[in-house]
Amino acid sequence: MSVAALAVLTQTGWKRWSAYRSAALAGAVTNTVFGLIKAAITMGAVGAAGGTLAGYGAIEGATYAWLAQALIAPVNVFWSNDLVDRIRSGDIAVDLSRPVDPQLAYLCADLGRAAFSLVPRGAPPLLVGALVTGLALPGQLLPYVLGMVSVVLAVVVSFACRWLVSLAAFWLIEMRGAATLYLMTSNILCGLVVPVHWFPGWMAAVAAATPFPSMLQAPIDVIMGRVTGVDALGVVGVQIAWAAGVLLAGRLVWTLGTRKLVVQGG
Amino acid sequence: MTTTPTAGEQIVHARGLTRDFVVRSGGWRRTKRVVRAVVDLDLDIVAGEAVGYIGANGAGKSTTIKMLTGILSPSQGTVRTCGYDPRRSRRALAREIGVVFGQRSQLWWDLPLRESYRVLAAIHRLGPGHRERLDELIEALDLEAFLDTPVRQLSLGQRIRGEIAAALLHSPRLLVLDEPTIGLDVLSKERLRAFLVAERAAHGTTLLLTTHDMDDVQRLTDRIVVVDRGSVAYAGDLPGLVRRVGADRVIVLDLEEPTPPLADLPGTRLLATEHDGLRQRLALLPGSTAAAVLAEVAGRAPLRDLTIEEPDVEDVVRRLYATQRAGG
């Protein structure tokens with residue numbers, strides 16, 4: 001596939017999502033309202049722990065909550081994926097009749113979607129957070145630059161995981177169980193509820209063995225400057241490894257799935 | 001890479017093509033059943049041909065098309081499409097063929113129709129020259145009025161025209177249409193057929209068409225392949241099929257006054273009389289003409305009106321199935 005084709009597919013992902021502005025607005029309001037609740041709970045937890053908890057003060061805890069809310073849409077922490085529907089309805093046949101690599105084409109579309117949602121879905125929670133609790137963010141430029149790289153990688157890891165899980169639709173007619181299980185596990189282990197650094201040792205070990213912290217905890221750590229320098233590069237390196245590994249797994253499973261493909265509905 | 005089709009070049013070459021599906025059913029006691037969708041099918045299509053691929057629902061038409069286009073792997077047998085092994089070279093083949101699945105969309109649902117062509121041009125790596133081709137298709141399919149309308153707001157007729165343009169934008173050598181006229185009204189069908197006839201005349205595109213609409217077959221194809229339970233039941237032209245199953249054209253005579261049954265008209269077989277012989281239906285036997293029959297009728301009874309019913313191909317296929325099953 002040519003770079004031009006990838007660029008157009010990315011742009012198309014952006015355009016598809018920008019067609020629904022009121023949905024973006026509703027999502028931003030929801031993320032912000034939940035941000036208020038989560039920031040309050042997080043600050044309460046930090047206060048109850050005596051002012052700091054695993055390196056988070058009250059404002060740092062609130063900042064974590066606001067950044068997590070801002071990244072929900074771009075990283076697509078909640079399930080939303082056309083692929084399951086396309087496999088189930090048989091529309092996957094249309095994707096297969098195009099001269100494109102389906103995984104790469106879907107990844108581009110997802111990056112375009114993420115790029116669109118970054119500002120409309122990300123800015124409102126951060127602005128409200130800055131006004132209501134204040135944000136503890138670094139004063140240098142580097143964490144933000146590296147942070148953007150980390151966010152892009154988080155989007156790729158999230159896409160790769162959802163792609164892989166969606167492929168179960170080649171074998172399962174009913175995907176709701178698998179999707180729910182994935183959502184519960186990934187939402188907790190990515191650090192959406194509380195930072196991964198607050199997990200008890202055994203749970204932190206489980207999380208570290210999954211790609212999920214790379215979807216949310218990692219970019220937030222980089223942006224907040226919790227990890228800097230070589231450590232920050234290490235976090236990004238782990239993200240790259242997960243992105244590559246899960247994408248590769250997705251390709252293998254795709255090959256198996258299309259081999260036994262039953263195109264539903266003729 | 002697009003090459004001009006040379007006469008006699010094989011576009012589709014399938015031998016012994018077979019596809020089984022495993023159907024699982026039941027709750028606790030799972031049962032597995034193997035359904036043979038396509039069985040030992042041979043199919044040849046040469047460049048420039050227009051082939052109608054017909055059969056009842058579930059006869060194996062769509063499965064065959066998906067194997068020809070690299071979407072499904074055959075369980076057994078070999079197939080080459082435009083010189084490629086479709087499964088191994090799916091993406092290279094996709095540049096040579098255009099596919100329209102009448103019940104599915106290849107357009108971007110949320111975006112203006114125009115956007116779909118922009119994306120398709122990019123993924124097919126079409127140069128700036130594609131604009132000329134797009135303009136040609138916009139003109140011929142009359143898309144101009146709704147190019148800026150999101151696809152989800154298009155009527156079915158508009159969307160299908162948009163789909164056909166999407167399949168033809170990269171000037172494929174083989175156009176595969178899977179039930180393209182399904183659900184369209186008579187006028188829309190007719191316009192689509194006229195377009196396809198003109199398009200093929202201009203570009204020599206090879207056409208493989210599945211349809212339940214026999215007017216499609218008559219207007220668009222020069223050869224038909226009938227599949228039944230996954231195997232070829234007939235391959236040849238339409239008149240040949242009609243002869244083979246013995247389906248006749250029917251003359252319906254409306255007479256001025258009640259007339260005894262016209263049972264002995266040469267070249268015909270009386271099918272029915274109604275209203276004391278005011279209306280009589282006669283099958284026109286092979287070799288006889290409507291004119292000869294009319295001359296004969298004129299000497300016997302005053303004629304008020306007549307209609308000629310062409311054999312309904314759906315019916316012809318049904319008869320073919322019946323004879324096949326009786327014979328084997």
**Student:** Can you tell me if B/Arg104 uses its side chain to pair, donor with acceptor, with the backbone of A/Ala93 under 3.5 Å?
**Tutor:**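 No: the side chain of B/Arg104 does not pair with the backbone of A/Ala93.
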**Student:** Just how far is it from atom CH2 of B/Trp109 to atom CG of A/Asp91, taken to the nearest 0.5 Å?
**Tutor:**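 Between atom CH2 of B/Trp109 and atom CG of A/Asp91 there are 9.5 Å.
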**Student:** Side chain, backbone, both or neither: which part of B/Ile123 has a non-hydrogen atom closer than 4.5 Å to chain A?
**Tutor:**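 Both the backbone and the side chain of B/Ile123 come within 4.5 Å of chain A.
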**Student:** Please report, to 0.1 Å, the donor-acceptor pairs under 3.5 Å made by any side chain of residues 120-128 of chain A, with sequence neighbours excluded.
**Tutor:**
unit_1, atom_1, unit_2, atom_2, d
A/Arg121, NE, A/Asn31, OD1, 3.3
A/Arg121, NH2, A/Asn31, OD1, 3.1

**Student:** Looking only at heavy atoms and a cut-off of under 4.5 Å, which of B/Ser105, B/Ala37, B/Gly58, B/Ala92 has the most pairs with chain A?
**Tutor:**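 Most heavy-atom pairs within the cutoff with chain A belong to B/Ser105.
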**Student:** Does any heavy atom of chain A fall under 4.5 Å from the side chain of B/Ile65, the backbone, both, or neither of them?
**Tutor:**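 The answer is neither part of B/Ile65.
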**Student:** Within this structure, what is the CG-CZ distance for the pair A/Leu96 and B/Arg91, rounded to the nearest 0.5 Å?
**Tutor:**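 Result: 11.5 Å between the selected atoms.
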**Student:** Taking the side chain from A/Arg98 and the backbone from B/His124, do they hold a donor-acceptor pair closer than 3.5 Å?
**Tutor:**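 Such a contact is absent between A/Arg98 side chain and B/His124 backbone.
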**Student:** Is it the case that atom CD in B/Glu132 sees more than 12 heavy atoms from other parts of the structure closer than 6.0 Å?
**Tutor:**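 It does not: B/Glu132 CD has 12 such atoms or fewer within range.
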**Student:** For a 4.5 angstrom cut-off between non-hydrogen side-chain atoms, does A/Tyr20 reach B/Asp110?
**Tutor:**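 Result yes, sub-4.5 Å side-chain heavy-atom pair found.
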**Student:** If I compare all heavy atoms of A/Ala5 with all of B/Ala122, which pair ends up nearest, and what's the gap?
**Tutor:**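 Scanning both residues, the minimum pair turns out to be CB-O, 3.5 Å.
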**Student:** Using heavy-atom distances under 4.5 Å, tell me whether A/Asp95 contacts chain B through its side chain, its backbone, both, or neither.
**Tutor:**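 Contact with chain B involves the backbone of A/Asp95 alone.
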**Student:** Just wondering, are more than 12 heavy atoms of other shown residues or ligands nearer than 6.0 Å to CZ in B/Arg131?
**Tutor:**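 Counting neighbours around CZ of B/Arg131, 12 or fewer heavy atoms of other residues, nucleotides or ligands fall under 6.0 Å, so no.
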**Student:** Relative to chain A, which of B/Glu179, B/Lys61, B/Glu115, B/Arg118 shows the most heavy atom pairs under 4.5 Å?
**Tutor:**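 Most pairs with chain A among the choices: B/Arg118.
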